[in-house]
Novice: 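What follows is a structure written as structure tokens; I'll ask about it next.
All of these numbers come straight from a predicted model, not from anything done at the bench. The sequence lines fix the lettering, A, B, ..., with proteins before strands; numbering per chain opens at 1.
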2 protein chains.
Amino acid sequence: MAVMDRAVAREQALDAAEELFYGRGIQAVGMDDIRAASGVSLKRLYQLFPAKEQLVEAYLERRDVRWRGRLAEFVQGHEDPEERILAVFDWLERWFGEPGFRGCAWINSYGELGATSSRVVAQVRSHKRAFRAYLADLVADAGLPAPLTGRLFLLAEGAMVTAGITATPEPAREARQAAAALLHST
Amino acid sequence: MAVMDRAVAREQALDAAEELFYGRGIQAVGMDDIRAASGVSLKRLYQLFPAKEQLVEAYLERRDVRWRGRLAEFVQGHEDPEERILAVFDWLERWFGEPGFRGCAWINSYGELGATSSRVVAQVRSHKRAFRAYLADLVADAGLPAPLTGRLFLLAEGAMVTAGITATPEPAREARQAAAALLHST
DNA sequence: TTGACGTGAGAACGAGCGTTCTCCTACGGT
DNA sequence: ACCGTAGGAGAACGCTCGTTCTCACGTCAA
């Protein structure tokens, strides 16, 4: 393979890492699997990411940006501020139904490495904090009381974990109904 | 160490497995760690559990019985059927606050081995199904509409996962408030 | 043309770990 | 007392995997 630009190699490595780590679990994927899937040589891989843990970190970080970007894009297609909140759960349902869906990458990573890698834990916390903050913005924009945020967040997290375990998109609909009921309670 | 009764050795092995698997993650604990912590020799361990995967299975199974037993015991201390439902979340809060709490063992196991071990996946699904069925009983006993079950379940799952990641018992209180609001909505 | 350098392919290294095997001790039945 | 057997300690085996090293090749500057 011809000389490969550093940035391109990095993207290819992260593309392979994302597909393999998410699909098979992080510990089940070796650096050599990443090399084979990406076409980036081991030497290059270790130039870009001095250790596997940093590749994992970069994978979670890039996925976080994309994930929240796609969610925000979908939500912004709705006008009414309350509809936007419910749209979050519509988007979840769509996500759960995608082929290859295996649950939330961050929750899974936490289960795998939460006790071992503090860098992974930091990524997971940061992602969840950002998601919660996004919900808080939606709640505020709708003029709804702030305590609603945490409840919506828990519904979304419960839906993600349950959809992963049961391999059905159904939990998103249940969560959406619960969210709708909560919007105007008390 | 003197001759050890088979059943006793099994319990000691499972005690060690539970503490280590839950505390450090399954893949991070070797069979030799279990031997060292339990005092059960490797030979004995492999007589009792022909492979690590079956020790994992037995660990999840025994923990499932204990976990649901403790929950039911706590809930039964409450008279009012609706109070019982809310007591589930009180119990969660108590659990989250226990020293060494690291999230839901089944969610974590799913994150670790969901893509690799179908036996572990079966244990996780079975545990979550049983927990959901228990909630369904509580809902029915309170004369509340069946669709409430799924929503309470999602709140509980969301609380477990969030409490694990953030290492605080707070999500249980948020979930309890959301549950209370849902009890009499619509 | 030459030589220094970067790179890819893949071997090599070293550690960890699941699983099995060896060897020795101790005990129970006769 | 003697033998057969079970069990414990821990070495050994085979494999995986993260990481590094070797070596040959191609490129570019002088």
Novice: With respect to the side chain of B/K43, which nucleotide from C/dT22, D/dG18, C/dG8 is positioned closest?
Specialist: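 Nearest listed nucleotide: C/dT22.
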Novice: Can you tell me the distance, in whole Å, between the CG atom of B/D32 and the P atom of C/dC17?
Specialist: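 About 9 Å, once rounded to whole Å.
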Novice: Out of D/dT19, C/dA9, C/dT19, which has the shortest distance to the side chain of A/S41?
Specialist: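 The answer is C/dA9.
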Novice: Select one nucleotide: of D/dT19, C/dT19, C/dA9, the one nearest the side-chain heavy atoms of B/M31.
Specialist: C/dT19
Novice: Would you mind telling me which of D/dG18, D/dG7, C/dG18 lies closest to the side-chain atoms of A/K52?
Specialist: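 The answer is D/dG18, which lies nearest to the side chain.
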Novice: Output yes when A/R119 and A/E57 qualify as a salt bridge under the 4.0 Å nitrogen-oxygen rule, no when they do not.
Specialist: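 Yes, charged N to carboxylate O under 4.0 Å.
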Novice: Quickly work out the A/R35 CZ to C/dG8 P distance and round it to whole Å.
Specialist: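 It is 12 Å, rounded to the nearest whole Å.
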Novice: Measure up the A/W95 and A/W67 rings against each other and bin them: parallel (under 30°), tilted (30 to 60°), perpendicular (over 60°).
Specialist: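 Perpendicular, since the angle between the ring planes exceeds 60°.
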Novice: Please list, in numerical order, the residues of residues 23-30 of chain B that have a heavy atom closer than 4.0 Å to any atom of DNA chain C.
Specialist: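 Only B/V29, B/G30 qualify.
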Novice: Nearest whole Å is fine: how far is D/dC17 C1' from A/F21 CZ?
Specialist: 12 Å
Novice: Checking side-chain polar atoms at under 3.5 Å, does B/S117 have a donor or acceptor matched by the opposite partner on B/E53?
Specialist: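 The answer is yes; a qualifying pair exists.
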Novice: Do A/R63's NZ or CZ and the ring of A/Y22 fall within the cation-pi criteria of under 6.0 Å and 45°?
Specialist: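 Ring-cation test returns yes.
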Novice: Is the shortest side-chain N to carboxylate O distance from A/R70 to A/E73 below 4.0 Å?
Specialist: no
Novice: How many whole angstroms separate atom OH of B/Y46 from atom P of D/dG10?
Specialist: 17 Å
Novice: Do the side-chain N and O atoms of B/E82 and B/H184 include a donor-acceptor pair separated by under 3.5 angstrom?
Specialist: yes
Novice: Once you apply a heavy-atom cut-off of 4.0 Å, does B/E53 come out as touching a base, just sugar-phosphate, or nothing?
Specialist: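 Result for B/E53 = nothing.
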Novice: Can you check the B/F49 CZ to C/dT20 P distance for me, whole Å?
Specialist: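 Taking atom P of C/dT20 as the reference, CZ of B/F49 is at 15 Å.
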Novice: Let me know the distance between CD1 of B/I34 and P of C/dC17, rounded to the nearest Å.
Specialist: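 Rounded to whole Å, this separation is 12 Å.
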Novice: Roughly how many Å is it from CG in A/L48 to C1' in D/dT20, rounded to a whole number?
Specialist: 16 Å
Novice: Between atom CG in B/L20 and atom C1' in C/dC17, what is the gap in whole Å?
Specialist: 15 Å
Novice: Does OP1 or OP2 of C/dG6 have a side-chain N or O of A/Q47 closer than 4.0 Å?
Specialist: no
Novice: In plain terms, say whether A/D137 and A/R132 are close enough for a salt bridge, that is, a side-chain N and a carboxylate O under 4.0 Å apart.
Specialist: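 Result for this pair is no, no salt bridge flagged.
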